[in-house]
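First the structure, in the form of structure tokens, and then the observations on it.
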Amino acid sequence: MLPHQQIELKLQAAVRTVLPDADVAAVLVRPCDAKFGDYQSNALMSLAKVRRLNPRQLAADTLARLDVADLCSAVEIAGAGFLNFRLKPAVLAQTLEAAARGEHLFFDRTAAPRTVVLDFSSPNVAKPMHVGHIRSTGIGDALQRTLRLLGHPVISDNHIGDWGTQFGKLLLGWKQILNREALRSDPIAEMERLYQAINAECDASPARLEEAKAELVKLQAGDPENIALWQEMIRLSQVQFDTIYSRLNVKFDQALGESFYNPQLAAVVADLLARGLARESEGAVGVFSDGTLPPREDPFLVSRDGEWIPDPALVRKSDGGFNYMTTDLATVDYRLKTWAPQEIVYVVDDRQAGHFKKLFDVFARWKPEAAKTTKLVHVGFGKILGDDGKPFKTRSGGTVKLGDLLNEAEERAFQTVSEKSGDLPEAQRREIARVVGLGAVKYADLLPNRQSDYIFSWDKMLALQGNTAPYLLYAYARIRSIFRKSEAESALRQAPGAIVLAHPAELALARHLLNFGLTLEAVAGEYRPNFLCNYLFELAGQFTGFYENCPVLKAEDPATRTSRLALCDLTARVLKLGLETLGIETVEQM
RNA sequence: GCAUCCGUAGCUCAAUUGGAUAGAGCAUUUGACUUCGGAUCAAAGGGUUGGGGGUUCAAAUCCCUCCGGAUGCACCA
């Protein structure tokens, strides 16, 4: 167990003896500004507040019951009632030595695993994956990696858009205007063309729209020809998905598309009707407000002309068809029955926040028992903008296809690598460029707080300085080169010596290494990979300070050299694992 | 119109239960080293956290209000 956790447990026990009724779950120990110490707790101030106690007195009483002499050199009460802890350097060194022996890497697997269904990526059949998919896919994958690393069982599920009204138009196009040659060379582009052409015709001609609807009805009724064509469209799309996911190194446990839930949709609606949760209105069936919330907070009401009117969650259209609310409800039901998760997490565009608010509300009313044990979470994210501040498009104004984007990233990275390391063989430069280019795109997407929009910039994400993937990869490669040069790695692994933290830069680096686990927990707790990005960037910065001030291979004595090599190795391992957790590979040389 | 999210340095962004003097990178200026990888590092300037009010020992964070932006508002997903 890491030192801060030991302190935290002891502090919680001390608080319990002083305030037996207190909820100590909020009594946390967190890293703090180095001038105050290594760790800090500010929990006593809020505990004192609600009890109208003097916070400094409470801190003093708690401190009297707290024995952390084995871990800390001093505990201070500061300011309004902060507790500041300073680790003994020996404790710091011992923690690093245990890591050097491979006993841990500054994080613990969770003591309270939670089963999480992670729903992300969700591309559509017959459409190209575009730049927008990088967000859901990248954030979702980083979250699944983080949760797994911490020991939580994860079921990642790609809820592919393989059903819906668009197939009426696609089928009509396929039967009437399909270009076989184009389909062979670029199936996704051809299917997209079919959809766009027919869609435009339908907008202009109601008769054409009726034709498309007729194809859809046939498909829904199980017409063998339409089913076969639909399956062919899915198969062709799957080839594209597989290619992209393979490049991005993203894996799913499940890929149960919308069509998987078709057989359950009628039963879902019947059940909602039978329970009195849904009712018919204007020929459609919807779930309406239950009046328990004030109108402003009620997701089923909307204001029009100064009046609150119903804004139901429709589960059946007036033509008898179902929509995505119905599918999502059936999906929740299936996931509950199949995996009994504690959480279902949807990594989906923030624009759908309203939909999820309704979905979660209907779920709570539909399955009140399950709602007590299963938390539904919408992990939303903002848009990617061009440097004009408008949604990111190609120069001609079209959608940026994900495959093209990845190609360009690799190409740009290749040019830089060739410029800087032209002496490496081309195959190696290609491989470096692949890792750097893809890493740059992923990292740039994970770095900003996910809820805000961000501006896409090749120059910034591929820059070798600043908070970028290339910088972190370079930091890693630089450490690795020390070992290449010294051939000291095997010796280090065989006989890890004592770690001596004498220089301030060594201490600072060591402290930062210890915070890796806290960072991972924060990522998993708030579904925010950017915490890990910033942690790694800071780690690289701390390493630089160490590297500038503390000669490693030229250290003054063998013991110092061994100790510093161990610090290098631990830093490299955390960088590598951290990047891996973000879905980013590393290279030994660049 | 109503709702949601957002507004932080010239630009792009951070800020982990409300915590101590709001931090990085870019850009700008200055400096270091015939380099354990210069694809480097160090330093400086730059802020009334959109405005105003409130709660609190403590507010970028919570509440109210105004301004500005994005998004969403039954039978597309």
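The sequence lines fix the lettering, A, B, ..., with proteins before strands; numbering per chain opens at 1. Every value quoted in this text rests on a predicted model; they were computed, and no experiment measured them.
- Remark: A:Arg279 qualifies as a cation-pi partner of A:Phe288 under the 6.0 Å distance and 45° angle criteria applied to the six-membered ring.
- Across all strands shown, A:Ser421 has heavy atoms under 4.0 Å from base atoms, whether or not it also approaches the sugar-phosphate.
- As judged by a 4.0 angstrom heavy-atom cut-off over every strand, A:Ala313 is placed among residues making no nucleic acid contact.
- For A:Gln352 and A:Asn42, each mapped to the nucleotide of RNA chain B holding its nearest heavy atom, the one lying further toward the 5' end belongs to A:Asn42.
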Under 3.5 Å, N/O pairs linking protein and nucleotides 20-22 of chain B:
unit_1	atom_1	unit_2	atom_2	d
B:A20	N7	A:Gln40	NE2	3.1
B:A20	N6	A:Gln40	NE2	2.0
B:A20	N6	A:Asn84	OD1	2.6
B:A20	N6	A:Asn84	ND2	3.1

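- Aromatic rings from A:His355 and A:Tyr324 are positioned such that their centres are separated by under 6.0 Å.
- Classification of A:Arg480 and A:Glu588 as a salt-bridged pair holds, one side-chain N sitting under 4.0 Å from a carboxylate O.
- Taking a centre distance below 5.5 Å and an interplanar angle below 30 degrees as the stacking criterion, A:Tyr454 does not stack against the six-membered base ring of B:U12.
- Within the 4.0 angstrom heavy-atom criterion, no nucleotide atom of any strand lies near A:Thr327.
- Distances were taken from every side-chain heavy atom of A:Lys49 (C-beta onward) to each of B:C73, B:C26, B:C57; the shortest belongs to B:C57.
- Taking only side-chain atoms of A:Ser303, from C-beta outward, the nucleotide of B:C2, B:U40, B:C76 with the closest atom is B:C2.
- Contacts of A:Ala353 with the nucleic acid, taken as non-hydrogen atoms under 4.0 Å apart, are absent.
- Note on A:Asp305: nothing from the nucleic acid sits closer than 4.0 angstrom, heavy atoms only.
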At under 4.0 Å between heavy atoms, which parts of nucleotides 60-70 of chain B does protein reach? Answer with one letter per nucleotide, 5' to 3': B base, S sugar-phosphate only, - none. ----------S
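- Taking atom C1' on both nucleotides, B:G19 is separated from B:C62 by 14 Å, rounded to a whole Å.
- For the side chain to side chain donor-acceptor pair (under 3.5 Å) test, no residue two or more places apart in sequence or in another chain qualifies with A:Ser46.
- Rounded to whole angstrom, the span from the NZ atom of A:Lys357 across to the C1' atom of B:U71 amounts to 14 Å.
- Comparing B:G51 with B:G68, their P atoms are spaced 15 Å from each other, to the whole Å.
- Judged as a salt bridge (Lys or Arg N to Asp or Glu O under 4.0 Å), the pairs with a partner in residues 23-47 of chain A (not counting sequence neighbours) are, in order, A:Glu8-A:Arg30, A:Asp33-A:Lys35, A:Asp38-A:Arg511.
- Atom CZ in A:Phe85 sits roughly 15 Å away from atom C1' in B:G19 (whole-Å rounding).
- Distance CG (A:Leu473) to C1' (B:G37): 15 Å, rounded to an integer number of Å.
- A side chain to side chain contact (heavy atoms under 4.5 Å, CB included) with A:Val315 holds for exactly one of A:Leu265, A:Asp328, A:Thr327, A:Leu329; it is A:Leu329.
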For residues 294-305 of chain A, tabulate all N or O donor-acceptor pairs below 3.5 Å that involve a side-chain atom, not counting sequence neighbours.
unit_1	atom_1	unit_2	atom_2	d
A:Asp298	OD1	A:Phe300	N	2.8
A:Asp298	OD2	A:Ser289	OG	2.5

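- The pair A:Arg561-A:Glu556 does not count as a salt bridge, with every side-chain nitrogen at least 4.0 angstrom from each carboxylate oxygen.
- Ranked by how close their nearest RNA chain B nucleotide is to the 5' end, A:Asn449 and A:Pro391 are led by A:Asn449.
- Within 4.0 Å of A:Lys420, counting heavy atoms only, lies at least one base atom of the nucleic acid.
- Contact annotation for A:Tyr471: backbone-only contact, meaning every heavy-atom pair under 4.0 Å involves sugar-phosphate atoms and none involves a base.
- Not a single side chain to side chain donor-acceptor pair (under 3.5 Å) links A:Gln415 to another residue, sequence neighbours left out.
- Nearest to the side-chain atoms of A:Tyr474 among the listed nucleotides B:U16, B:C75, B:U40 stands B:U40.
- Pairs engaging residues 534-558 of chain A under the ring-ring contact (aromatic ring centres under 6.0 Å, His included) rule: A:Tyr471-A:Phe537, A:His512-A:Tyr535, A:Phe516-A:Tyr535, A:Phe543-A:Phe546, A:Phe543-A:Tyr547 [sequence neighbours left out].
- Looking at heavy atoms from C-beta onward, A:Leu11 lies in side-chain contact with A:Ser41 at the 4.5 angstrom threshold.
- Between the P atom of B:A42 and the CZ atom of A:Phe546 lies a distance of 15 Å, rounded to the nearest Å.
- Every residue two or more places apart in sequence or in another chain that forms a side chain to side chain donor-acceptor pair (under 3.5 Å) with A:Asp157 is listed here: A:Arg335.
- At a threshold of 4.0 angstrom between heavy atoms, the contacts of A:Asn530 are confined to the sugar-phosphate backbone, with no base atom among them.
- For the side chain to side chain donor-acceptor pair (under 3.5 Å) test, no residue two or more places apart in sequence or in another chain qualifies with A:Tyr346.
- With respect to A:Asp311 and A:Lys358, a salt bridge is recorded, a charged nitrogen being found less than 4.0 Å from a carboxylate O.
- Using a 4.0 Å heavy-atom distance criterion, A:Thr544 is classed as a sugar-phosphate-only contact.
- A:Arg135 pairs with exactly one of A:Asp350, A:Asp349, A:Asp445, A:Asp453 by the salt bridge (Lys or Arg N to Asp or Glu O under 4.0 Å) rule, that one being A:Asp445.
- In this structure, A:Gln589 reaches the bases: a heavy-atom distance under 4.0 Å links it to at least one base atom across the strands shown.
- In this structure, A:Leu314 reaches the bases: a heavy-atom distance under 4.0 Å links it to at least one base atom across the strands shown.
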For Watson-Crick and G-U wobble pairs within 3.5 Å on both distances, what is RNA chain B written in dot-bracket notation, | included for inter-strand pairing? (((((((..((((.....[...)))).((((((....).))))).....(((((..]....))))))))))))....
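- Across all strands, A:Phe531 comes closer than 4.0 Å only to sugar-phosphate atoms, never to a base (heavy-atom distances).
- A sub-4.0 Å separation between OP1 or OP2 of B:C26 and a side-chain N or O of A:Lys460 is absent.
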Identify each atom pair where a protein N or O and an N or O of nucleotides 5-10 of chain B are less than 3.5 Å apart, giving names and distance.
unit_1	atom_1	unit_2	atom_2	d
B:C6	OP1	A:Gln451	NE2	2.7

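- The distance between atom CG of A:Asp445 and atom P of B:C13, rounded to the nearest whole Å, is 12 Å.
- Rounded to an integer number of Å, the gap from A:Ile384 CD1 to B:U71 P is 15 Å.
- The CE atom of A:Met325 sits 11 Å away from the P atom of B:A77 (whole-angstrom rounding).
- Between A:Asn323 atom CG and B:A77 atom P the separation is 6 Å, expressed in whole Å.
- For A:Val552, taking side-chain heavy atoms from C-beta onward, the closest of the listed nucleotides B:G37, B:C2, B:C36 is B:C36.
- Across all strands shown, A:Pro312 has heavy atoms under 4.0 Å from base atoms, whether or not it also approaches the sugar-phosphate.
- Here the side chains of A:Asn54 and A:Leu58 are not in contact, with every heavy-atom distance at 4.5 Å or above.
- Within the 4.0 angstrom heavy-atom criterion, no nucleotide atom of any strand lies near A:Cys568.
- Sequence neighbours left out, not one pair with a member in residues 457-477 of chain A passes salt bridge (Lys or Arg N to Asp or Glu O under 4.0 Å).
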